[in-house]
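Notes follow the structure.
No experiment lies behind these values; they were computed from the predicted model shown. All chains are named by letter (A, B, ...) in the order of the sequence lines, taking the proteins before the strands, and each is independently numbered beginning at 1.
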Protein chains: 2
Amino acid sequence: MDSDSRTQEPKELDLRHVMVERLMHYYHFIASLSNNTAGDSVTSTQIARLMHIDDSLVRKDLAEIGVRGHSGHGFRCEDVLEAIRRTLGFSKRLRAVIIGAGRLGGALASYGSFQQYGVEICGVFDIAPHKVRLMFGGYQIQPMTSLPIVVKQMGVCIAILTVPPEAAQDAANRALDAGVRGIWNFSNASLEVPEGVVVRNEHMSIGLAELGYRLRRGRMGHDT
Amino acid sequence: MDSDSRTQEPKELDLRHVMVERLMHYYHFIASLSNNTAGDSVTSTQIARLMHIDDSLVRKDLAEIGVRGHSGHGFRCEDVLEAIRRTLGFSKRLRAVIIGAGRLGGALASYGSFQQYGVEICGVFDIAPHKVRLMFGGYQIQPMTSLPIVVKQMGVCIAILTVPPEAAQDAANRALDAGVRGIWNFSNASLEVPEGVVVRNEHMSIGLAELGYRLRRGRMGHDT
DNA sequence: TAGATTGTTAATCGATTAACAATC
DNA sequence: TAGATTGTTAATCGATTAACAATC
């Protein structure tokens, strides 16, 4: 009922995780392209080179989301951007709250470019009474007791958890009770949530550990 | 020359990205298990259930890093943890600096659990003269001009970039010139780096976009 | 036209799962 | 022993790549 079918493909495609990530990269690259240099076209080979992947994969991805290119010339940037926006649903706004007014919460609150992807932060909450009412990355910190009202009134569907791990499950429970359906979890605790709730864990240390791993074994080229 | 061969497998295994992530998850789960409840054993099925993957995959992964289980009983937690530490090289300390003393930089500086994975933050840097010397997440902010000295003297090999996108390439260049070999990039700019440098981009919005995507299409179960 | 690039199929590669004999 | 769980091979599944005719 909201699958927007201006172009040829209204078919409900169920993108795997890895493809959503690629689309985001394409989007990002092309968006910065068309700001700067920008002819208004881009070829699969250009994108592929930038991302260190095969050009036919790019074409396949773009075909899948219904963009048509032009033989001999490539793809119109605007077509690609538009198709990605449509596929990922950027135009359907989602509202989010941040729970946990620590440094990380602050960083996310003042981040700003979430808008661009259709997500709007509409409140920051914290349990600590002394933090309540303080201004914080452009938001006034609210007490956890106001969470249910805000979530209901504004139709919030995402809770961004930037609380310490011990507090994470409780925060998640409150948010879910209030009506949230998705959780972006920055505490690295594993959450138990009911069926149907979408959770995305952003387990920072995993990134660092992977970087570390690659570094420790990259014996060659070292000590330049 | 430092491939630590206490157990049977000194063979240089080159883990793919996805397996490193799984190992980190195993590590994390088992570590929290053995803190709390903990018998000191764990079965492949337990781990698999927690992670929503197949139990034979767990056994395969563990076999690959040289852990032996015990038929009928599972794996000794300590064996698994030790093997993962060895494989990912946690005991080989790596030093890192944070460039960019903003909120995110602060969050990472005060994060604390990087130690656990063998990475030690040993300085925070910023270009803004008025920030220099301020205390920040336990570190005194240093001017960018001190970067080369610190990197050299302390043998720093990772730069964590928490600067705005416009400043990212420059910060990366300075860090690389100073001798860093790996970059953990939180600015979402794409960096150009010479051959052999290890870069890991932590492009926040990608996580959010993916969460959003799954949420927008999870029509069922919504509006509980 | 000649040159470039798409769209798409078939081939390849790699990762996950199923199955089960061996072990404790 | 009976029950549980490993270790491992073969089968399956899915994703990437190679190749090339069709198109502009």
When rounded to whole Å, the CZ to P distance for the pair B:Phe75 and D:dA4 reads 17 Å

Heavy atoms of B:Ala171 and B:Leu161 approach each other most closely as CB-CD2, 4.0 Å

Take atom CG of B:Leu15 and atom P of C:dG14, then tell me their distance rounded to the nearest Å.
15 Å

On the nucleotide D:dT6, are OP1 or OP2 found under 4.0 Å from the side-chain N or O atoms that B:Arg68 carries?
no

Donor-acceptor pair between A:Arg93 and A:Gln115 side chains, under 3.5 angstrom
yes

What's the CG-P distance between B:Asp55 and D:dT8, to the nearest Å?
15 Å

B:Asp54 side chain vs B:Ser56 backbone, donor-acceptor pair below 3.5 Å:
yes

Please find the pair of heavy atoms, one from B:Val156 and one from B:Arg95, that lie closest to each other, and give the distance.
CG1-O, 3.6 Å

Involving DNA chain D, stems made of at least three consecutive Watson-Crick or G-U pairs, both distances under 3.5 Å
C:3-24 with D:3-24

Spatial distance of atom CD1 (A:Ile65) from atom CD (A:Glu82) [nearest 0.5 Å]
9.5 Å

Write down the distance between CD (B:Gln46) and C1' (D:dT5), rounded to a whole number of angstrom.
11 Å

First of A:Asp61 and B:Thr43 reached from the 5' end of DNA chain D, by closest nucleotide
B:Thr43

Could you tell me the separation between the NE2 atom of B:His70 and the P atom of D:dT6, rounded to a whole number of Å?
10 Å

Taking the side chain of B:Asp54 as heavy atoms from C-beta outward, which of C:dA15, C:dT17, D:dT6 is closest to it?
C:dT17

Kindly give the atom pairs (protein nitrogen or oxygen, nucleotide nitrogen or oxygen) under 3.5 Å for nucleotides 21-23 of chain D.
residue: D:dT23; atom: O2; partner: A:Ser71; partner atom: OG; Å: 3.3

What is the distance, rounded to the nearest whole Å, between atom CD of A:Glu64 and atom P of D:dT16?
11 Å

Heavy-atom nearest nucleotide on DNA chain D for A:His73 versus A:Ser56: which residue maps closer to 5'?
A:Ser56

Taking ring pair (Phe, Tyr, Trp, His ring centres under 6.0 Å) as the cut-off, I'd like each qualifying pair that reaches into residues 86-112 of chain B, sequence neighbours left out, listed once.
B:Tyr27-B:Phe90, B:Phe90-B:Tyr117, B:Tyr111-B:Phe114

Is the backbone N or O of A:Gly89 less than 3.5 Å from a side-chain atom of B:Arg216, with the two atoms forming a donor-acceptor pair by type?
yes

Compare all side-chain heavy atoms of A:His25 with those of B:Ile206 and state whether any distance is below 4.5 angstrom.
yes

Quick check for you: among C:dG7, D:dT16, C:dT16, whose closest atom lies nearest to any side-chain atom of A:Arg59?
C:dG7

Using only atom types and a distance under 3.5 Å, with no angle test, would you say the side chain of B:Ser44 pairs donor to acceptor with the backbone of B:Gly74?
no

From CG of B:Leu62 across to C1' of D:dT6 the rounded distance in Å is 11 Å

Nearest listed nucleotide, side chain of B:Lys60, among C:dT8, C:dA19, C:dT16
C:dT16

Look at the side chain of A:Leu57 and decide which nucleotide, out of C:dT8, C:dA19, D:dT17, has an atom nearest to it.
D:dT17

For a quick test of reading the model, state the closest non-hydrogen atom pair linking A:Asp177 to A:Lys152 and the distance between them.
O-NZ, 4.4 Å

Between atom CZ in A:Arg76 and atom C1' in C:dT6, what is the gap in whole Å?
17 Å

